[in-house]
Structures are given as C-alpha cells and as structure tokens.
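Heavy-atom basis, side chains included; hydrogens, waters and symmetry copies ignored. Order of the sequence lines sets the chain letters (A, B, ...), proteins ahead of strands, with each chain counted from 1.
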Number of protein chains: 2
Amino acid sequence: MANRVTLDDIARKVGVSKTLVSLVLNGKAEQFGISRKTCERVFQVVKELNYRPNQTARSLRTGKTGTIGLVVSDISNAFYAQMARIFEDLAAAQGHSVIICSTDEDAEKEQRLITVLRNRQVDGLVVSTSQREVSWLLSINKYDTPIVLIDRHLGDNVLAAVVAANRTGGALLARHLKEQGYRHPLVLGLSTSLISSVAERIDGFVDEFKKHGVTCVIHAVGFNSLQSDVDALFANLKALPVKPDCIFAVNNNVATAALQSISARGIRVPIQLGLVCFDDLPYFSIINPGITAVEQPISQMCRKAFELLHQQISGNIDRSNVSIYEIPVKLNIRESSLKKFS
Amino acid sequence: MANRVTLDDIARKVGVSKTLVSLVLNGKAEQFGISRKTCERVFQVVKELNYRPNQTARSLRTGKTGTIGLVVSDISNAFYAQMARIFEDLAAAQGHSVIICSTDEDAEKEQRLITVLRNRQVDGLVVSTSQREVSWLLSINKYDTPIVLIDRHLGDNVLAAVVAANRTGGALLARHLKEQGYRHPLVLGLSTSLISSVAERIDGFVDEFKKHGVTCVIHAVGFNSLQSDVDALFANLKALPVKPDCIFAVNNNVATAALQSISARGIRVPIQLGLVCFDDLPYFSIINPGITAVEQPISQMCRKAFELLHQQISGNIDRSNVSIYEIPVKLNIRESSLKKFS
DNA sequence: CAATAATACTAAATCGATTTAGATTTTTGC
DNA sequence: GCAAAAATCTAAATCGATTTAGTATTATTG
C-alpha cells in the first residue's frame with residue numbers, strides 16, 4: 001500500500017515520539033519548544049515517506065471533519081449547481097470539503113439525508129429546506145450541528161437564513177409587466193409553494209398588481225410532473241375564465257418548462273404572451289426573444305451563508321439570536337416582456 | 001448535546017457489552033447466536049436514546065468511509081451537474097455519499113484535490129481527468145484508491161474508463177453537415193484539446209469531412225477565457241482565409257458562448273452559418289432555431305462507472321486488466337444545421 | 001551549589017466504533 | 001450425573017491521530 005504510512009512510522013524513523021511529530025505537523029513546534037533541528041528532521045522524513053495524515057483518525061479525535069453538507073432540492077438544477085460550485089470554492093479555501101445531497105423537495109427524504117450527514121459528523125449544514133415547520137431543524141441546530149438556511153427561511157428568529165429579496169423581486173417583475181401594459185397575469189407556481197422563497201415571490205408579484213386593481217391567477221404545477229403539468233395548462237389556456245396575457249414563472253425550471261410549451265405551440269412572445277422569470281439563466285440572454293428575469297445574487301448569498309456557518313462552527317456567535325439576511329436582486333429586462341416596443 | 005449517545009451508553013443501559021450491541025446493530029446477531037430477546041432490548045434502547053452511530057469512528061476501524069470522490073472540471077457545468085446528481089443517487093442507494101471537486105481543467109489543482117480526497121479516505125474516485133499522462137493516477141489506483149475515469153480516458157489498458165462514443169459522435173455531426181451541403185466547417189475546440197474526449201470528437205469530425213475532400217479549420221479557445229476568445233473569433237470571421245459556413249462546438253459551454261456571439265451579431269442560423277454541438281442541453285430544443293446536438297448517455301455512463309468502481313472497491317475484479325467502455329451517443333437533428341430545408 | 005526555571009521531549013489516555021479470541025452458561029447425550 | 005456440544009455473551013485489542021500531564025536534561029540565579 002502506498003499509504004500505510006502513519007505517524008508512528010515517522011516517529012520511529014526519526015527516533016522521536018509520535019506526540020512530537022504530531023505537534024510539529026500541526027505547527028505547534030514553537031509553542032512546545034521543539035528544536036529547529038528536530039523539526040527539520042521530521043519534515044524531511046515526512047516528505048521522504050510521503051506521509052499523508054489519516055483525516056478519519058484526526059476527525060475522530062478532534063470531533064471536526066472539515067466537511068460541510070449542502071442540502072438542496074436538486075443539484076442538477078442550474079441554480080443549485082452554481083451554488084454548489086461557490087460553496088466548494090469557499091470550503092476548499094479552508095481545506096474543507098462539501099457533501100451534496102438532493103431532496104427532490106421531499107421533507108422526509110431531507111430528514112434522512114441530514115441524518116446521514118450528521119452521522120458523518122459534518123461540521124455544519126447549509127440547507128435549502130423543504131421542511132414546513134421549524135422544530136426538527138431547530139433542535140438539531142440547538143443541540144448538535146450548526147445550520148444555516150439558504151434560499152428559503154422558516155420564519156423570523158429561529159434559524160439563521162440567507163435569502164434573495166424574493167418579495168421585492170416579485171414586485172419588480174409585476175411593476176414592469178404592468179408598465180408594459182399587461183393586465184391579465186398568470187403566476188406559474190409550484191405545488192410546494194409553501195416554501196418561503198416561492199411564496200414571497202408570488203406575494204410580492206400579486207400585491208404589486210393588486211395595488212393597481214389587477215387580480216392575478218395562480219396556477220401550481222408539481223415538482224415531479226413539471227413539464228406535463230405545464231403542457232396541460234397551455235393546452236387549456238383559452239378555456240380559462242380570463243385568458244392571461246403574461247406569465248410569471250417562479251423559478252428557472254418552471255420557466256424552461258413554459259418555454260418548452262410555448263415553443264411547441266408556436267405562441268408568440270411577447271405579443272401574444274409576455275413572460276418573466278424569477279432566476280436568471282445564461283441562455284435567457286441568448287435566445288430570441290430574451291427572457292426578462294430577476295437575477296439572484298448567488299455568490300453573495302453563498303458567501304454570507306458560509307460566513308454565518310463558520311461563525312456558528314467556531315462558536316463566535318450566539319446561536320439563539322439569529323436573523324434572516326436578505327440579499328438584493330437585479331431585474332434584467334429583455335424582450336420577452338416588452339409588449340410596448342414590439 | 002443531542003447526540004453524545006455512544007455504543008457504550010446503549011450497552012450500559014441494556015446491561016450487555018458493547019460488542020454485543022455492535023453485533024446486533026450490524027445484523028450479525030444470528031451469526032453470533034445472540035438471543036432474540038436481547039436483540040429486541042437493544043433495538044428498543046437504541047430507539048429510546050435515539051442512537052446514531054459515529055461514522056467517523058466506524059470508518060477509522062473498518063477503513064471504509066462510504067464516500068466516493070467525484071472530480072470534474074466544473075460542477076456548475078450542466079453536463080457535470082447532471083452527472084453529480086446521478087452519482088449522488090447511485091451512491092445514496094447504498095448509503096454512500098459523494099464529495100465533489102472542481103478542477104477548472106488544471107492538472108495540478110486536480111492533484112491537490114485528489115490528495116485531499118485520499119486523505120479523507122474515500123473508498124474510490126470517479127475522475128474526469130485533466131492529467132496528460134497516466135503515471136500519477138495509475139500509481140494511486142494500483143496501490144491505494146480505486147479509480148474509474150469518466151468522460152475522458154488516458155489510453156488503452158491502464159485505467160478503467162467510461163466514455164461516450166466521441167469519435168462516432170463527431171463523425172455523425174460531420175456527415176450530417178456534409179449532407180446538408182455545408183463545405184467549410186470550423187471546429188471550435190478548447191486549448192485543452194489534449195483531453196481525450198475533445199480530441200476524439202474533433203478527430204471523428206475532421207476525418208469524416210476529409211473522406212470527402214473537405215479540410216476543417218480548427219480554432220481553439222481557452223477554458224478560462226471562453227466568451228472573450230469566441231467573441232474575438234467572430235469579430236474576425238471574415239478575415240479568415242476561408243470563411244466558414246458552419247461551426248462545430250465541441251461541448252455545451254463552447255456552444256453557449258458561440259450562441260452568445262451569434263445572437264449579439266445577429267448572424268442567421270442555419271442560413272449564414274450552421275451550428276452543431278457535442279452535448280445536448282434542454283434549452284437547445286426550446287430555442288429557435290433548435291440546436292443540432294449529439295446527446296451523451298450520461299445516465300448509462302454513470303451507472304457503468306459506478307459499477308466498475310464498486311467492483312474494484314469490493315475487490316471483485318482484477319485491477320490490472322482494465323478496459324475503456326464506450327457508450328453510444330444519439331444525434332438530435334434540429335434546425336440549426338438544416339441548410340437544405342430552411 | 002542548591003533551587004528554580006527553561007528547554008526538549010514522551011507515555012499514556014482518548015475519540016467511538018469493530019473484531020478477535022475466548023469465557024460463561026445451558027443443553028444434550030449416554 | 002457428567003463430559004461434550006451448543007448457545008450466549010464479553011474483555012481487550014485495534015484503527016491513527018490529538019492532547020494531557022508529565023519527565024528528563026540543561027541553564028540560570030541568588
């Protein structure tokens with residue numbers, strides 16, 4: 001075996017105790033008054049034998065694994081994939097690793113996955129939760145593993161959370177549509193709309209239209225039957241009491257499904273139908289018409305979440321006094337909602 | 001702490017040894033002739049105290065962490081994000097977890113990341129490698145950690161690898177373009193074209209055209225300067241000795257960058273310029289024109305790679321006799337290459 | 001020069017599981 | 001009723017690191 005080299009092997013070869021080797025390798029040589037010469041011999045042998053510390057053993061002793069768990073609904077979704085990459089980089093900068101889990105918006109599956117992560121002794125969790133009540137996560141956070149919520153929160157002052165300005169973003173989209181002359185908005189939501197992010201996007205959107213006396217129709221589609229639900233809706237668009245003149249897709253998946261239907265049916269955007277989306281994707285600016293979207297500040301959200309998690313892990317923060325951090329969003333106006341000018 | 005419950009706690013409360021508790025929990029009760037009654041009491045107390053085994057301790061003793069490392073160039077790329085999701089599911093089905101690392105096509109970074117993963121005692125590695133020679137990975141695989149390459153291989157009979165039928169896919173695209181009447185193909189490759197997948201795609205493409213006396217122009221762009229390199233190319237298209245009438249993007253990133261340029265310059269596809277891509281994306285079938293693409297069998301590739309890895313991990317296979325598995329691809333013809341009919 | 005301090009190092013305990021080797025107790029056969 | 005066999009269970013070693021509580025040895029000081 002290339003690496004059955006242990007601390008003992010180093011110690012034996014150098015002719016010192018493994019305590020000393022450990023101290024040297026952990027940079028505590030100075031503190032423990034270990035002579036420069038000895039240090040050098042240790043480093044030399046470490047290099048010679050190509051010693052690599054067994055992280056498992058270290059974790060058992062220290063109680064720290066240098067691993068964080070990232071729990072999202074689906075890592076293959078572009079939004080969470082980007083998030084994963086950013087967390088990976090943030091973690092790697094500290095020599096930490098990330099284990100990623102996809103819940104498919106299933107609260108029970110989420111609990112199973114989090115249990116696995118806890119058994120693996122992750123130092124902390126970043127969770128885009130599908131839970132509907134806070135108690136379970138709260139007790140974990142309180143007694144065991146630090147948790148920071150991302151993208152979705154579970155109400156005030158219970159668990160630290162970093163979210164996009166969902167309500168504001170929804171309102172921005174609504175105001176824009178209204179200014180463009182759209183009057184019959186249809187909100188394409190998810191049947192899991194209890195999750196805070198989607199709910200607030202919809203609230204912000206609906207409230208803004210309501211201010212001007214316009215009522216929104218809300219239609220929910222299933223996370224696991226997205227395309228077929230959306231297709232079914234489009235097949236019956238004309239049968240609706242009021243035929244919508246624009247659509248608000250609450251996330252990038254919904255928007256893509258809608259675009260699929262729109263494309264298949266040859267519906268003309270933005271004339272026949274306006275389209276806006278919460279969450280921006282690279283291809284939205286490539287296609288014709290470009291899709292008006294609210295861009296989420298993923299990088300900022302991740303950095304803040306990571307910072308909060310680290311404060312909790314290192315115990316530099318009072319875990320009972322937590323806040324929801326809301327990061328501003330940006331409206332990218334493109335042709336899909338420009339009724340006036342088309 | 002919610003979970004400072006250890007095997008000892010269970011043993012003490014039940015009034016047996018921790019050996020027994022461990023045996024019971026690992027399903028070895030029968031084998032060791034432990035009475036039904038005792039088992040039941042153990043299970044009851046385990047549930048009562050909400051015992052969760054410490055995976056770190058278990059890993060140290062058994063030498064198995066139940067973790068595999070997935071090393072790719074960038075997890076936020078749709079292709080690898082999908083891959084990650086599939087591996088996650090495959091691993092989860094066996095109670096295993098996945099740690100994901102992004103190398104940015106940097107061979108040294110890849111080595112650093114793999115070293116971290118090995119220190120974490122991962123049971124195996126699935127790597128879409130950026131290495132240019134096989135020796136380093138080979139020695140790891142031989143003496144230490146099982147490795148299966150995915151998407152890219154490093155030559156015959158050195159490391160198990162699962163790849164798409166890259167050469168065939170390239171040829172399929174070339175034949176199609178030729179049949180459509182395109183005669184001046186430009187290959188948009190990557191400066192990291194030494195990697196087998198890209199190289200073979202290009203080879204297959206170029207060879208097919210050569211059969212019919214057509215020479216391809218090959219233009220490489222940088223992984224870290226994709227958009228600007230592509231933009232620069234498009235700015236000078238006319239200045240090229242032969243103006244291309246179609247473009248072959250060697251992967252989805254390159255295609256998206258090309259589309260960005262195409263869209264910005266108002267180039268008309270497929271009339272002015274045909275476009276095909278190796279690697280299919282959901283949005284390729286939504287936009288107008290749809291993008292002709294070779295679809296990679298990601299799921300099959302992942303399943304095969306996972307199977308191979310598991311054979312290696314469980315020692316059911318001779319590690320020195322390895323093969324490259326090539327999985328068939330599928331050509332999805334869309335409007336972006338239909339010169340004839342447009 | 002003895003007492004004290006500083007320097008350089010180490011033995012052994014520990015983290016929480018698994019596993020080996022063996023110890024009891026009970027049952028069975030004759 | 002007693003040895004052998006079967007049925008249950010356990011003590012202790014182990015994985016490979018970190019950390020606590022020291023121990024020698026040498027240098028300094030009054």
Charged N to carboxylate O under 4.0 angstrom, A:Arg85 versus B:Asp104? yes
For A:Arg112, salt bridge (charged side-chain N to carboxylate O under 4.0 Å, His left out) partners two or more places apart: none
Measure the shortest side-chain to side-chain distance between A:Glu110 and A:Cys101 over non-hydrogen atoms and say whether it is less than 4.5 angstrom. no
For A:Lys37, is there an ion pair with A:Glu40 - N to carboxylate O distance below 4.0 angstrom? no
D:dA7 P sits how many Å from B:Arg36 CZ, rounded? 13 Å
How does each nucleotide of nucleotides 14-20 of chain C score, in 5' to 3' order, for protein heavy atoms under 4.0 Å: base (B), sugar-phosphate only (S), or none (-)? BBBBBBB
For the helix from C:dC1-D:dG30 to C:dC30-D:dG1, what is the angle between the axes at its two ends, each from 5 pairs, rounded to 10°? 60°
Round to the nearest Å and state the distance from B:Ile34 atom CD1 to D:dT10 atom P. 9 Å
What's the CZ-P distance between A:Arg41 and C:dA8, to the nearest Å? 13 Å
Give one of base, sugar-phosphate or nothing for B:Thr38, where a contact means two heavy atoms less than 4.0 Å apart. sugar-phosphate
Starting at atom NZ of A:Lys37, determine the distance to atom C1' of C:dT7, rounded to an integer number of angstrom. 14 Å
Donor-acceptor contacts, no H, no angles, side chain residues 21-29 of chain A, under 3.5 Å, sequence neighbours left out:
{"unit_1": "A:Ser22", "atom_1": "OG", "unit_2": "A:Asn26", "atom_2": "ND2", "d": "3.3"}
{"unit_1": "A:Asn26", "atom_1": "ND2", "unit_2": "A:Ser22", "atom_2": "O", "d": "2.8"}

Counterpart residues, side chain to side chain contact (heavy atoms under 4.5 Å, CB included), relative to A:Ser97 (two or more places apart): B:Ile99, B:Val116, B:Arg120
Salt-bridge present (B:Asp9, B:Lys13; N to O < 4.0 Å): no
Considering residues at least two apart in sequence or located in another chain, which fulfil the side chain to side chain contact (heavy atoms under 4.5 Å, CB included) criterion with B:Thr115? A:Arg52, B:Asn119, B:Trp136
